[in-house]
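Counting starts at 1 for both ligands and their atoms, following the listed order. The figures that follow rest on heavy atoms only: side chains count, while hydrogens, waters and symmetry mates do not. Residue numbers count from 1 along this sequence.
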Amino acid sequence: MTIPFNKPFMTGRELSNIAQAHMNGHLSGDGFFTKQCHRWLETHSRAQRALLTHSCTAALEMAALLIDLEPGDEVILPSFTFVSTANAFVLRGAVPVFLDIRADTLNIDERLIEAAITPRTKAICVVHYAGVSCEMDTILEIAARHNLRVIEDAAQGIYSTYKGRPLGAIGELGALSFHETKNIISGEGGALLIRDEALAERAEVIREKGTNRSKFFRGQVDKYTWVDVGSSYLPSELIAAFLAAQIDEGETITRNRLAIWDRYHAWAEKYEVRGLLRRPIVPAHCTHNAHMYYLLMPDLERRTRFIAKMKESGISTVFHYIPLHSAPAGKRYGRHAGDMAITDSTSERLVRLPLWVGLEEHLDRVLAAADDALAGL
Ligand SMILES: *Cc1c(COP(=O)(O)O)cnc(C)c1O
């Protein structure tokens with residue numbers, strides 16, 4: 001049997017929730033299950049408002065609309081991230097300004113932000129890589145001093161904390177992902193977290209095609225109409241029903257993932273001591289959600305050989321990201337500020353090991369194969 005890199009975990013309650021939504025006869029967005037997910041997200045994240053979206057990409061696009069970006073405005077973000085972090089702003093005509101990452105957490109290097117600020121800079125979009133938080137206090141302080149908006153791409157960050165605060169509601173706006181490769185899933189799915197009430201009403205409008213339909217449903221206006229720009233960013237109740245089942249098991253899922261992560265981490269220590277690889281680093285003031293386990297190999301050649309040997313043993317391991325500053329669209333729409341050495345080197349050396357609920361049964365096999373692969377490097 002081949003061990004896949006990812007295998008979506010299902011709790012067993014998803015289908016009965018979907019059947020319930022079917023019986024309720026309300027299939028479009030914002031029904032019973034959507035409201036249940038909103039309440040949980042608001043309580044858990046401490047955001048004033050949470051709104052389900054059909055993806056994290058959609059939540060980031062809503063964030064870009066909410067901060068009123070204009071063509072030529074600049075948004076500072078890390079180069080080492082998924083394309084959606086940049087596309088959301090490019091779609092508004094803004095220019096992504098890519099920064100290098102820290103060598104320890106692989107998050108945006110907050111010490112480089114100030115030098116990258118220009119009169120056009122409007123926002124900073126941070127990415128909590130592998131569910132480990134960026135240095136939010138420093139970032140919020142810089143943003144306040146320069147009057148910049150702060151958006152968190154917390155796609156990987158559900159159940160993680162920074163100094164006790166859940167990720168996604170530390171900055172003004174936060175985006176979560178429930179894509180099937182993330183910890184809590186609905187196939188495709190996401191949420192926008194809105195820290196303060198001030199942006200909540202406009203977020204509702206943007207999500208509902210630019211109409212005040214949400215107010216209408218609450219009986220606050222007697223007819224609804226087109227009041228602002230917007231699109232259709234809300235998921236169907238069927239998706240929310242699926243997600244509600246996942247949220248019910250969210251803590252168990254996280255515990256299971258952490259147990260696998262801890263085993264990888266203990267296993268890899270001997271190789272790190274010998275200088276053969278580097279393990280993930282989680283600062284003491286952060287807790288993480290075991291979104292991913294990665295190894296940093298010494299160089300591209302050894303990573304390539306490691307992945308090939310794991311594949312021969314039937315184990316799928318993967319790497320990412322092509323740095324955005326060197327991707328064709330990144331060059332066309334954005335620019336980078338300063339040296340990108342850590343981003344470039346990380347992109348060549350990082351390898352992700354399988355991590356999914358149920359993998360615990362196969363972990364001995366994965367580790368034995370990894371021992372073999374590393375012995376031959
Ligand atoms: C997965 C991911 C996204 C995109 O999430 P979707 O829900 O698939 O749109 C965005 N940013 C980061 C950092 C991600 O890991």
Side-chain angles (χ1 to χ4, degrees), residues 5-6 8 29 37 41 50-65 75-91 96 98-99 101-102 105-108 123-134 136 139 150-160 162 167-168 170-171 173-193 207 231-236 239-240 242-243 246-247 257 280 288-294 318-325 327 329-330 334 343 346-347 350 352 355-356:
F5 168 69
N6 182 57
C37 293
L41 284 167
L51 294 171
L52 289 192
T53 55
H54 49 73
S55 62
C56 175
T57 302
L60 289 165
E61 287 177 22
M62 285 182 65
L65 284 164
V75 179
I76 292 173
L77 56 126
S79 176
F80 193 67
T81 181
F82 187 64
V83 296
S84 295
T85 321
N87 255 334
F89 306 112
V90 170
L91 279 166
F98 303 114
L99 289 199
I101 49 174
R102 297 173 58 107
T105 56
L106 312 184
N107 282 327
I108 189 167
I124 305 168
C125 183
V126 302
V127 179
H128 303 300
Y129 183 70
V132 176
S133 180
C134 299
M136 293 309 292
I139 291 162
V150 176
I151 296 168
E152 293 174 75
D153 180 341
Q156 306 175 6
I158 196 162
Y159 286 107
S160 296
Y162 168 77
L167 303 188
I170 303 171
L173 295 161
L176 302 176
S177 175
F178 305 118
H179 185 263
E180 73 169 36
T181 51
K182 303 302 199 289
N183 290 23
I184 306 294
I185 63 174
S186 56
E188 303 281 351
L192 180 69
L193 301 179
R207 176 170 168 270
S231 187
S232 186
Y233 288 119
L234 69 171
S236 145
I239 297 293
F242 191 107
L243 182 65
Q246 292 268 319
I247 284 175
R257 295 183 72 101
H288 74 97
N289 59 359
H291 173 60
M292 100 173 61
Y293 199 84
Y294 64 81
V318 301
F319 64 82
H320 68 180
Y321 300 102
I322 306 296
L324 297 187
H325 74 273
T343 298
T346 300
S347 166
L350 185 137
R352 299 173 64 184
L355 207 172
W356 36 272

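- Contact annotation for Cys56 and ligand 1: heavy atoms of both the backbone and the side chain come within less than 4.0 Å of the ligand.
- At least one heavy atom of Lys182 lies less than 4.0 angstrom from ligand 1.
- With a 4.0 Å cut-off on non-hydrogen atoms, Asp153 touches ligand 1 through its side chain and not its backbone.
- The line from NE2 of His325 to OG of Ser347 is 8.5 Å long, rounded to the nearest 0.5 Å.
- The line from CD1 of Ile108 to NE2 of His128 is 11.0 Å long, rounded to the nearest 0.5 Å.
- Atoms of ligand 1 found under 4.0 Å from any heavy atom of Phe82 (numbered from 1 in listed order, with element): 3 (C), 4 (C), 10 (C), 11 (N), 12 (C).
- Checked by distance only, ligand 1 and Ser84 stay at 3.5 Å or farther apart across all their nitrogen or oxygen atoms.
- Looking at Thr57 next to ligand 1, an N or O pair under 3.5 Å apart turns up.
- Classified by interplanar angle (parallel below 30°, tilted 30° to 60°, perpendicular above 60°), the ring pair Phe80/Tyr321 is perpendicular.
- For the atom pair CD1 (Ile158) and NE2 (His291), the distance works out to 12.0 Å, reported to the nearest 0.5 Å.
- In this structure, CG in Leu192 is found 6.0 Å from CG in Leu51, a value given to the nearest 0.5 Å.
- The six-membered or imidazole ring of Tyr294 lies away from that of His320, with a centre-to-centre distance of 6.0 Å or more.
- Side chains of Pro96 and Val90 form a contact here, defined as non-hydrogen atoms less than 4.5 Å apart.
- Of all atoms in ligand 1, listed by their number and element, those nearer than 4.0 Å to a heavy atom of Ser55 are 7 (O), 9 (O).
- The protein non-hydrogen atom at the shortest distance from atom 14 (C) of ligand 1 is Ala155 CB, 3.3 Å.
- Two residues are said to be in side-chain contact when any heavy atoms from C-beta on lie closer than 4.5 Å; Met136 and Val150 meet this criterion.
- By the 3.5 Å distance cut-off applied to N or O atoms, Gln156 is counted among the residues near ligand 1.
- From Leu60, atom CG reaches atom CZ of Phe82 across 10.5 Å, with rounding to the nearest 0.5 Å.
- Within the 4.0 Å heavy-atom shell around ligand 1 one does not find Ala59.
- Under a 4.0 Å criterion applied to the non-hydrogen atoms of Ser177, ligand 1 contributes the atoms 5 (O), 6 (P), 7 (O).
- Checked by distance only, ligand 1 and His179 stay at 3.5 Å or farther apart across all their nitrogen or oxygen atoms.
- In the vicinity of Gly189, heavy-atom distances shorter than 4.0 Å reach the ligand 1 atoms 7 (O).
- Residue Val127 has at least one heavy-atom neighbour below 4.0 Å for each of these atoms of ligand 1: 13 (C).
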